[in-house]
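Whatever order the structure lists them in is the order used to number ligands and atoms, beginning at 1. Positions are given from 1 along the sequence.
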Amino acid sequence: MSSVQTTAEADAPLLEVRNLMVRYGRKGPAAVEDVSFSIARGETLGLVGESGSGKTTIGRAILGLLPVTEGQIIFDGRDITRASVAERRALQGDLRAVFQDPFSSLNPRRVIGDALTEPLRVAGVGRGQRIARANESLAAVGLPAGSFDRYPRQFSGGQRQRIAIARALVTDPRLVVCDEAVSALDLSTQAQVLNLLAELGAGADLGYLFIAHDMAVVEFLAQRVVVLYRGKVMEQGLTADVIRNPQSPYTRVLMAASPVPDPDEQARRREVWRALRNEAKAPAA
Ligand SMILES: Nc1ncnc2c1ncn2[C@@H]1O[C@H](COP(=O)(O)OP(=O)(O)O)[C@@H](O)[C@H]1O
Ligand SMILES: [Mg+2]
C-alpha cells in the first residue's frame, strides 16, 4: 500500500452520515430527514433528543438493522448504506452496539460465555482464543471470575449492562453505537457504567455514537454533540460550547431535563424545563 493511500485513510472520518432520511413504510412521514454528522477515529459523539426524535432510527440505520430511504452511511471510507448481508457479517466485529435493555438481547437459557464467544466465532476466531478473549473482556468490565459459566438471571441490571459492553468490545471494534445504554440504570450505577465506557474507550482507537435523551450523560462522555428534534438536526458542535451557549431552545430543554442528585436543584431545573418547554413550543410550528 502506498503512503499516500495510508494518509488518506487515516484522515478520513471513522463514520460519515450524509443527508440521511429514513421512512418507515412507503407512505409514512420521514422519521429522520437530512441528518448529517461524522465521527472521527477514537471520538465519542453524543446524539441527544427527546423521545421520538429519531435517535434509535439513526443508530439502527448505521447498524444495518433497517433500510435507508435516502442519503449515505460511510464507515471507514466505505459506503455501507446498502451493504449486503455478507458485507454486514464481515463488518460485525468492527461495528457493534449496546442497547438499553441487555436482558432482552441475552438468551436466558445460554451462559454469558456463549453470548461473548459468538461474535468471535462469526469473525473466525478459534475456540481456545474465543474463550480466552471472552474471559478477558468480562474481567475488563469488572465482572467476577466465573461469570462466563453463569446465566443472565444471575446478574443485576448494572452487571448485565457490563456484560453487554463486554460483548460489544470483545471483537475489538472501531465503533460502538450505545443506544440509551445507561438510561435504565439508577444514578450511581449509571455513573459507574459511564466511567467504564470512558475508560475502555480512552486507550483504544475506539469511537462511540452515544445516544441519550439526557444531556448530562452526553456531557460526561462526548467531545461533540448533535441535537435532534423531530428527526432533524437542530445544532451540533463541541459539547462544551453547545452547553455553554445553546443555539436551539430544544437544547436548553434537554439540559434542563437532566436529572441531578440534589432534589432542590432537581426541582429548580424542572421549573426551568417547564418554562423552556413552553418557550420551545413557539418555533416548533
Ligand atoms: N418500527 C416503526 N414503525 C413506524 N414508525 C416508527 C418505528 N420506529 C420508530 N418510528 C417512529 O419514528 C420516529 C423516531 O423514533 P425513534 O427513532 O425511536 O426515536 P427516539 O429513539 O429518539 O425515541 C417516531 O416518530 C416513531 O414513532
Ligand atoms: Mg430510542
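- A salt bridge is defined here as a Lys NZ or Arg NE, NH1 or NH2 lying under 4.0 Å from an Asp or Glu carboxylate O, and Arg121 with Glu118 meets this definition.
- Taking every heavy atom of both residues into account, Phe155 and Arg160 meet most closely at O-NH1, 2.8 Å.
- Proximity of a side-chain donor or acceptor of Ser36 to a complementary backbone N or O of Asn19 within less than 3.5 Å is detected.
- Looking at Arg96, its side chain does come within 3.5 Å of a backbone N or O of Gln92 through a donor-acceptor pair.
- Atom 22 (O) of ligand 1 has its closest protein heavy atom at Lys55 NZ, 2.8 Å.
- Ranking the protein heavy atoms by distance from atom 10 (N) of ligand 1 puts Tyr24 CE1, 3.4 Å first.
- Here Ser51 fails the criterion, with no N, O or S atom under 2.8 Å of the Mg ion (ligand 2).
- Protein heavy atom closest to atom 20 (P) of ligand 1, with residue, atom name and distance, is Gly52 N, 3.5 Å.
- Checking side-chain atoms of Ser53 against main-chain N and O of Arg230 turns up no donor-acceptor pair under 3.5 Å.
- Which parts of ligand 1 touch Ser53 is read off a 4.0 Å heavy-atom cut-off, strictly below it: atoms 19 (O), 20 (P), 22 (O).
- Counting only heavy atoms, the protein never gets under 4.0 Å from atom 26 (C) of ligand 1.
- Remark: minimum distance from atom 19 (O) of ligand 1 to any protein heavy atom is reached at Gly54 N, 3.1 Å.
- Regarding atom 18 (O) of ligand 1, its nearest protein heavy-atom neighbour is Thr56 CB, 3.8 Å.
- A distance-only check finds no donor-acceptor pair linking the side chain of Gln236 to the backbone of Arg224 [under 3.5 Å].
- Closest to atom 12 (O) of ligand 1, if we only count protein heavy atoms, is Ala31 CB, 3.3 Å.
- The residue His213 has no part lying near ligand 1, judged by heavy-atom distances below 4.0 Å.
- With hydrophobic clusters built from ILVMFWY side chains whose heavy atoms lie under 4.5 angstrom apart, Val122 does not share a cluster with Leu106.
- Here the heavy atom of the protein found nearest to atom 17 (O) of ligand 1 is Thr57 OG1, 2.5 Å.
- Remark: the backbone N or O of Ala222 is paired with a side-chain donor or acceptor of Thr239 at under 3.5 angstrom.
- The closest approach between Glu50 and ligand 1 falls below 4.0 Å for a heavy atom of the residue.
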